[in-house]
Amino acid sequence: MNNTIVSYLLDFEIVRNMFDFVSTKFGLNASGILTFFIFFIAAFIVVNVMAVIGGLGTYAERKISADMQMRIGPNRVGPFGILQFLADGVKMIMKEDIVPAKADRALFFVAPTLCLMGVFASLAVIPFSKGLTLTHLNVGVVYLLGVSSLVGIGIFLGGYSSNSKWSMLGGMRGASQIISYEIPVTLSMLAVVVLAGGLSFDKLVDAQTGWPTGWFIFHNPFTFIGFFVFFVGVLAETNRAPFDLPEAESELVSGYHTEFTGMRFAFFALAEYVEVFVVCGAASALFLGGYKVPMDLGGESILGQILQMGSFLTKTFLLYYVVIWIRWTLPRLRVDQLMVVCWKYLTPIALFNLVGCALWVYFLNGKSFYELVMNMAVTSIHSGGGH
Amino acid sequence: MISLSSYLLISFFLFLCGILVIIARKNIIAILLGIELLLNSAALNFVAYSRYTAQNLDGHIFALFIIVIAAAEAAVGLAIVIRFFQIKESIHIDDASQLQS
Amino acid sequence: MFVKFLFLISTLLTLAGAIGVVAVKNIMHACVFLLASLIGVAGLYVTLGADFVSAVQLVVYVGGVVILMIFAVMLTGGDKADFFNKFGFEKVSAMGNKKTYLVGSAVLIVFTLSVGKIIFNIIDLKSSKDPQSYVSTVEQLGHLLLTDHVLAFEASSVVLLGALIGAAIIARPNRGVK
């Protein structure tokens, strides 16, 4: 039903022998326990690597913003300041844990945990490569959207439970922003789903090719616009500038995470940076060809998987750079401008994209723009040669 | 193996909790929470039967429509609650008694 | 084996959430318990092989209805601990006093006895009739929605349109024109 990392690893002789060895040694069918063990190790690795990427994201943001503002950025801790995020982590662990006086203690504890849970649960379906993804769920795209909504609830509860007016405003703005921008994001995803014919990420990526001519972003003009709608929508979903009014450093003190200190604030920040990685990964998988390598070098072997992972990570980090670049370039939107952009511009455009994409698939049999041009060129050459 | 009866018992328990919330609590929004519990128990029942007895997908379709209608009903119900609050400054169900004799 | 484990966790989450909605005083905590219960039901759908219904439950209920409830609690000032009704000589808190819970329990007992007569005769927790293996339901559901159940599909879109417009108009702040 689902292709998981375990079913990929079972293709190897070594892993099968190991399973048989453990089964005979313990006398029972140990495949269930070993499967769980492999999943646990794989999930552990993914979570830790993602946490490091989240931390390095803060470092990358400071360095890139410094580069754009003609200064140097962190360069004291470690070579080129690369251990800065570890120093920040240690600082946050050592801070005093303050809970405001009349705050709702239970929800104060639950809110950052909900944010982190939502983001890390969505890591299960991110397509790193064909074999080494944790699982290729049949409903991967919808699962990703549903689990990302937990972040919105976490933000709202964080704003409410702090019992502070700035936090409440930030929380309400954050939650309304997230639920509004889910709609253009979902509709853009649906346009790509119509093209590929499935909801699972590996089917969506396998419908594209390694060369850029086969990517969905260049498939038809509707998905081209859809990519930008999707990108703007997920910028708003993750509360990144220019949509970062819930955190609005110059207006709301710090918005919904004003009253959170130390490790709780670290949870919110980590959730935001890992979520940016997750949505950039989703964007690259849906529109930019994901883990497809040109000419499918390497095939199914481990080398092929590593190449695929490299391709995916390259595209994702490029989009990550663009997200950071946008933050330090554009000014912040007002909250009413934010809502107007979503409901009056992005949602009609996304609906138009979905309908247009469906019509393109129906009338042109799902051929991409590139294929149409090639067909016309080939037929014109043939008919020209015939005369 | 998980039998059909365990799902029936779970949905029965959810149904009982939903009814208890609707009868015993006096906050209008709490009553709406109880209605959500009721709808979920019914949808769970449908899907459980469609897997164990009917072996087709009609139960899934019905569950999808239950989810859709429940969301629409929650939206309209909460709009009414907000209007009620704007008029009466209270969300206690006993204050909604203007039609009583 | 995974299915049984997921079933156990989802059942615990669902039942704990339902009991929480009944028992807690604070309405915000009740919303969070409802959230836990809905996530548990989504897990139960997964054990039943209804993958698409589970994902839709996560998107619509968790990401829509619960946020809606929390917004409504905020907009009606519901985070105060106790609301008493203004009229009436006995102050009944918004949580419900002992009388309401007594009446509720009585209804519950009547209901359990009457429905239980039917249910407890067919309960058979040991039956191990193996249902069919898990298949993906997305394509089949899409096909069914557009062939057999297209009327319900179109009608539900009209219902959603009506709910959208109705909710927006009902909750609109007074402009003083009316």
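Each chain gets a letter, A, B and so on, in the order its sequence line appears, and its residues count up from 1. Remember, predicted model here, so these are calculated numbers, not experimental data.
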Do side-chain atoms of R25(B) reach the backbone of V21(C) as a donor and acceptor pair under 3.5 angstrom?
-> yes
With a cut-off of 3.5 Å and sequence neighbours excluded, list every side-chain donor-acceptor pair involving residues 38-45 of chain C.
none

So CG of L33(B) and OG of S37(C): to nearest 0.5 Å the spacing works out to 10.5 Å
Let me know if L34(C) has heavy atoms under 4.5 Å from chain B in its side chain, its backbone, both or neither.
-> side chain
For chain B, find which of T11(C), L15(C), L164(C), T14(C) contributes the most heavy-atom pairs closer than 4.5 angstrom.
-> L15(C)
Go through the steps for F65(B) and L145(C) under the test side-chain contact (heavy atoms from CB on, under 4.5 Å), then give the verdict.
-> CA-CA 10 Å; F65(B) 283 118; L145(C) 271 177; 3.7 Å; yes
Chain C contact via L44(B) - side chain, backbone, both or neither, heavy atoms under 4.5 Å | both
For residues 102-120 of chain C, please give each side-chain donor-acceptor pair under 3.5 Å, one per line with the distance, not counting sequence neighbours.
| from | atom 1 | to | atom 2 | distance (Å) |
| --- | --- | --- | --- | --- |
| S105(C) | OG | Y101(C) | O | 2.7 |
| T112(C) | OG1 | L108(C) | O | 2.6 |
| S114(C) | OG | V110(C) | O | 3.2 |
| S114(C) | OG | F111(C) | O | 2.9 |

Checking heavy atoms, do the side chain of F84(B), its backbone, both or neither come under 4.5 Å from chain C?
-> neither
Any side-chain heavy atom of T76(C) sitting closer than 4.5 Å to one from I29(B)?
-> yes
Interface residue of largest heavy-atom contact number with chain B, from T137(C), V66(C), V3(C), V159(C), under 4.5 Å | T137(C)
Where do I67(B) and Q57(C) come nearest, in terms of heavy atoms and distance?
-> CD1-OE1, 3.7 Å
Under 4.5 Å between any side-chain heavy atoms of H60(B) and Q140(C), yes or no?
-> no
Of the backbone (N, CA, C, O) and the side chain (C-beta and beyond), which part of V53(C) lies under 4.5 Å from a heavy atom of chain B, both, or neither?
-> both
Most heavy-atom pairs under 4.5 Å with chain B, out of G166(C), G162(C), A152(C), C31(C), belong to A152(C)
Between L39(B) and Y61(C), is any pair of side-chain heavy atoms under 4.5 Å apart?
-> yes
Got F71(C) and I82(B) here, is their nearest side-chain heavy-atom distance under 4.5 Å?
-> no
Closest approach of R83(B) to I170(C) (non-hydrogen atoms, all atoms of both residues) | CD-O, 2.6 Å
